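Each remark here refers to the structure printed beneath this line.
Quick caveat, the model's predicted, so the values are computed rather than measured.
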Amino acid sequence: LHVGGFSFEKNHAGLLRIFKRVVQMNPDLQLWLVGDGPLRSAVEKNVEELGLMKQVRFLGYQKEVSPYMKSAMALLLPSIIEGLPGVILEAMANRLPVVAYEVGGIPEVVKSGETGWLVNAGDEDGFVEAVQQVLTSQNLDVMKEKAYYLVVKEYDNRIIAKKFLEVYEKIN
């Protein structure tokens, strides 16, 4: 599963190259693309050029992505640029394993081998390997729970609001 706007920084071209290699080893897999944006037609063309029409589904913009997250095997996020994407927190809250490039704020929550798989930015070989690990990991349930509890403990809106309030009270 990939959730994000069809824009340059989300790196759909890299995602498709990665997925093509993964699907060669696991022919029954599908890639679901949730989102929309200015590069969607280019991504659709790229899917055709790579011969992935049967394996890639375009789901368009979805107001609610939890049902997809509950059905998916992993969230794949090979973004070139990111802050701290809410989609990662949402995936972890849904106990969905995350594979992402080590960019922006992503390493704050994705701890490689602990709460997900973190891959050096641009390392498509490493990303393919990480996806394979998701598919074969014996440790997956433990990792999902660690990721879930990290989000619940540190990123729940009530906890964040309390932290903001504490900072404001110290300023006064």
* Given side chains that start at C-beta, do those of Arg95 and Asp141 come closer than 4.5 Å, heavy atoms only? -> no
* List in chain and number order the residues that pass ring-ring contact (aromatic ring centres under 6.0 Å, His included) with Phe19, two or more places apart in sequence or in another chain; answer none if no residue qualifies. => none
* Minimum heavy-atom separation for Glu48 to Met53, with atom names? -> CA-SD, 3.2 Å
* With no hydrogens and no angle check, is any side-chain donor or acceptor of Asn94 less than 3.5 Å from a backbone partner on Glu90? -> yes
* From Ser137 atom OG to Lys144 atom NZ, the distance as rounded to the nearest 0.5 Å -> 9.5 Å
* Common cluster, Leu135/Val142, ILVMFWY with side-chain heavy-atom separation under 4.5 Å -> no
* To do: Verify side chain to side chain contact (heavy atoms under 4.5 Å, CB included) between Leu150 and Glu114, making sure each step is shown before the conclusion.
  => CA-CA 11 Å; Leu150 172 70; Glu114 191 176 325; over 6 Å; no
* To do: Check whether any side-chain heavy atom of Val109 lies under 4.5 Å from a side-chain heavy atom of Thr115, and answer yes or no.
  => no
* Asked: In the single-linkage hydrophobic clustering (I, L, V, M, F, W, Y; side-chain heavy atoms under 4.5 Å), do Met69 and Leu84 co-cluster?
  -> yes
* Asked: Can you check whether Asn26 reaches Gln132 side chain to side chain, under 4.5 Å on heavy atoms?
  -> yes
* To do: Step through the shown structure and confirm whether more than 12 heavy atoms of other residues, nucleotides or ligands are within 6.0 Å of CD on Glu129.
  => no
* **Side-chain heavy-atom pair Leu29, Met73 within 4.5 angstrom cut-off** => yes
* Residues forming a side chain to side chain donor-acceptor pair (under 3.5 Å) with Asp125, sequence neighbours excluded -> Arg21
* Nearest 0.5 Å please: distance from the CE atom of Met92 over to the CD atom of Glu154. => 12.0 Å
* Between CD1 of Ile88 and CD of Glu108, what distance do you get to the nearest 0.5 Å? -> 10.5 Å
* Tyr148-Val3 co-clustered via ILVMFWY side chain contacts under 4.5 Å -> no
* Write down the atom of Val103, the atom of Ser79, and the distance for their closest heavy-atom approach. => CG2-O, 3.7 Å
* Asked: Between Tyr101 and Ile106, does a side chain to side chain contact (heavy atoms under 4.5 Å, CB included) hold up when you go through it step by step?
  -> CA-CA 8 Å; Tyr101 277 153; Ile106 293 174; 5.8 Å; no
* Where Leu16 and Leu31 come nearest, the two heavy atoms and their spacing -> CD2-CD2, 4.0 Å
* In a check of side-chain contact (heavy atoms from CB on, under 4.5 Å) between Leu15 and each of Val43, Leu76, Leu77, which one passes? -> Leu76
* To do: Determine, step by step, whether Lys170 and Glu166 satisfy the salt bridge (charged side-chain N to carboxylate O under 4.0 Å, His left out) criterion, reporting the C-alpha distance in whole Å, the side-chain angles of both residues, the deciding distance to 0.1 Å, and the verdict.
  => CA-CA 6 Å; Lys170 286 181 184 176; Glu166 289 170 1; 5.9 Å; no
* Structure fact -> The reported gap from CE in Met143 to NZ in Lys111 (rounded to nearest 0.5 angstrom) is 13.5 Å
* **Distance-minimising heavy-atom pair for Phe58 and Val47** => CZ-CG2, 3.8 Å
* Between atom CG of Leu96 and atom NZ of Lys70, what is the distance when rounded to the nearest 0.5 Å? -> 10.5 Å
* Asked: Does the Asn11 side chain pair with the main chain of Ile80, one donor and one acceptor, at a distance under 3.5 Å?
  -> no
* Compare every heavy atom of Arg40 with every heavy atom of Gly35, then report the nearest pair and how far apart it is. => O-NH1, 4.1 Å
* Structure fact -> Note: Leu118 and Val110 closest approach over all heavy atoms is CD2-O, 3.3 Å
* Calculate, to the nearest 0.5 Å, the distance between atoms CD1 and CZ belonging to Ile18 and Phe127 respectively. => 5.0 Å
* Structure fact -> Across all chains, not counting sequence neighbours, the salt bridge (Lys or Arg N to Asp or Glu O under 4.0 Å) partners of Glu102 are none
* Parallel, tilted or perpendicular: which describes the rings of His2 and His12, with under 30° parallel and over 60° perpendicular? -> perpendicular
* Quick one: are Phe6 and Glu44 in side-chain contact, heavy atoms under 4.5 Å? -> no
